[in-house]
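Note on naming: letters A, B, ... go to the chains in the order of the sequence lines (proteins, then strands), and numbering restarts at 1 for each one. The structure displayed is predicted, hence computed values, not measured ones.
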Protein chains: 2
Amino acid sequence: MSAEIDLRPEQIVAAAVDILRESGLDAVSMRSVASRLGVTPPPVYARIGNKDALLDAVADHFLADLAPAVDRDELWPDYARRWTGQLRQRLTEAADSRLFLQVKRPAYLEASRPLLKCMRRDGMDRDRAVRACRLLTWATVGFVAMDHPPLDAPRRRNRLAGSDPAGVTAEEVDELFSAHIDYLIDGIQRES
Amino acid sequence: MSAEIDLRPEQIVAAAVDILRESGLDAVSMRSVASRLGVTPPPVYARIGNKDALLDAVADHFLADLAPAVDRDELWPDYARRWTGQLRQRLTEAADSRLFLQVKRPAYLEASRPLLKCMRRDGMDRDRAVRACRLLTWATVGFVAMDHPPLDAPRRRNRLAGSDPAGVTAEEVDELFSAHIDYLIDGIQRES
DNA sequence: ACCTGAACACCGTTCAAGT
DNA sequence: ACCTGAACACCGTTCAAGT
């Protein structure tokens, strides 16, 4: 009689995501994930490899199917605003910058492909489009990293919901992000 | 006979910085720092508090005396380019984004005061200047965080010196940073 | 073949015991 | 008063042992 358990990699990632949502990234350990699945660590290692690989998979989970569809008569600047907004939302959901700074660059590259295609369609040459995507992606990830420092779960301070100790309100942050992206788009357009 | 040891907080921070430079942020532990100072952990706790406080102090170390002097007839856009360049250099020295994303915002606010003053001197109104500083600071920190992900020391991959696996060379990164900052400066100027 | 239990070498942090 | 040694509750990871 085999004691084998139906333990697919997606279930492991899902368990990690659940723990992340409930208790923060610091609560995600090989042991806590295994335990949530009713298993000891070795079976998890057999499926996922190690903790880095698990966190990569969790990050990929948040970036999956990120890009919205391009509207037929939508120019790239408008699409870029929607795309970066979407990326920002996904990263914000992950709620811990350590997770998505550690994600390998190829994942962002993959996610930015529709944006690149939209720029090419509007006549931007390949090098410029690649550079523009890089600029917008880095700016968005960097911005969210700054906006959601990794001091949430472990060192919970006086972070009252809605009021920020540093004196920056959520509206100001939204406005800052929009302005940031608009300035970049303006600059990219002006160079073409 | 007292076994008391001359152990000042600055020495503790210096030891942590040394370990960070030599072996990366993951090698900085309360135990490794204590051990380098020839001491057990409790005396370190007595001086510094805990690990978060130690890392805050290490981050402050890298941001200390950051702002270059403002030249007499230098307009704020030029100074902003120098200031963000300096900030980028300091953050790059720290070499691990986890360190400076975790630094409390007041440290950046302090560092940006000369930039704010320079903008005010050039006639920008207070709200605009505060917003512009925030934009430039966040963009710089975010950019460096993206450029130096925390996968250096622990998970050392095939990161050949000079050649980047993601296909972005150091020159391209420099150019990307300059362009990013220039676009922001242009945008800020255009709104005034 | 695949899981469990236990181990190894680490953490951050605290505390009784020594001097 | 202040340091040491040891402990507690965790890590990531591996491996012999069981079934």
Side-chain angles (χ1 to χ4, degrees), chain A residues 1-13 15-20 22-59 96 98-99 102-103 150-157, chain B residues 1-13 15-20 22-59 96 98-99 102-103 150-157:
Chain A
M1 196 78 174
S2 169
E4 215 157 325
I5 279 157
D6 180 41
L7 186 65
R8 279 158 310 164
E10 313 96 72
Q11 294 177 323
I12 296 173
V13 175
V17 170
D18 286 348
I19 296 172
L20 172 65
E22 288 168 17
S23 318
L25 186 57
D26 286 318
V28 178
S29 73
M30 297 303 273
R31 284 177 145 102
S32 68
V33 169
S35 164
R36 169 169 288 239
L37 294 164
V39 143
T40 52
V44 177
Y45 278 89
R47 308 296 195 291
I48 291 285
N50 59 17
K51 189 171 181 184
D52 276 348
L54 173 62
L55 294 185
D56 277 353
V58 171
D96 197 301
R98 288 170 294 176
L99 189 59
Q102 154 163 334
V103 80
L151 36 81
D152 283 332
R155 15 149 81 183
R156 56 192 70 204
R157 311 231 208 219
Chain B
M1 197 74 173
S2 169
E4 215 158 321
I5 278 157
D6 179 40
L7 187 64
R8 278 158 310 166
E10 314 97 69
Q11 294 177 324
I12 297 173
V13 175
V17 171
D18 286 347
I19 295 172
L20 172 65
E22 288 169 18
S23 319
L25 186 57
D26 285 316
V28 178
S29 72
M30 296 304 272
R31 286 176 144 101
S32 67
V33 169
S35 164
R36 170 169 289 241
L37 294 164
V39 144
T40 53
V44 176
Y45 278 89
R47 308 296 195 289
I48 291 286
N50 60 15
K51 189 171 182 184
D52 275 348
L54 174 61
L55 293 185
D56 277 353
V58 170
D96 197 301
R98 289 170 293 176
L99 189 59
Q102 161 162 329
V103 81
L151 37 81
D152 283 333
R155 18 151 77 184
R156 58 192 70 202
R157 310 233 207 219

Starting at the 5' end of nucleotides 6-11 of chain C, put B wherever the base has a protein heavy atom under 4.0 Å, S where only the sugar-phosphate does, and a dash everywhere else.
-B---B
Has the side chain of B/Gln102 got a donor or acceptor atom that lies under 3.5 Å from a matching backbone atom of B/Leu99?
no
What are the two closest non-hydrogen atoms of A/Val28 and A/Leu55, and how far apart are they?
CG1-CD2, 4.4 Å
Rounded to whole angstrom units, what separation is found between the CZ atom of B/Arg47 and the P atom of D/dA1?
14 Å
Check the distance between C/dT4's C1' and A/Leu7's CG and give it to me in whole angstrom.
14 Å
Rounding to an integer number of Å, can you tell me how far A/Tyr45 OH sits from C/dC3 P?
15 Å
In chain order, what residues pass the side chain to side chain donor-acceptor pair (under 3.5 Å) check against B/Glu22, with sequence neighbours excluded?
B/Arg36
In whole Å, what is the span from the CG atom of A/Leu55 to the C1' atom of D/dG12?
12 Å
Value rounded to 0.5 Å, distance of CD1 in B/Ile19 from OG in B/Ser35:
7.5 Å
Heavy-atom closest pair, residues A/Ser23 and A/Ala27:
CB-CB, 3.5 Å
If you look at every heavy atom in B/Arg31 and B/Pro41, which pair is closest and at what distance?
CG-CG, 4.1 Å
Where do B/Met30 and B/Asn50 come nearest, in terms of heavy atoms and distance?
CE-C, 3.9 Å
Note, A/Asp26 side chain near A/Arg98 side chain (heavy atom, < 4.5 Å):
yes
Give the dot-bracket string for DNA chain D, reading 5' to 3', where a pair is Watson-Crick or G-U wobble with both distances under 3.5 Å, ( ) marks pairs inside the strand, [ ] marks pairs crossing earlier ones, | marks a partner on another strand, and . marks unpaired.
||.|||||...|||||.||
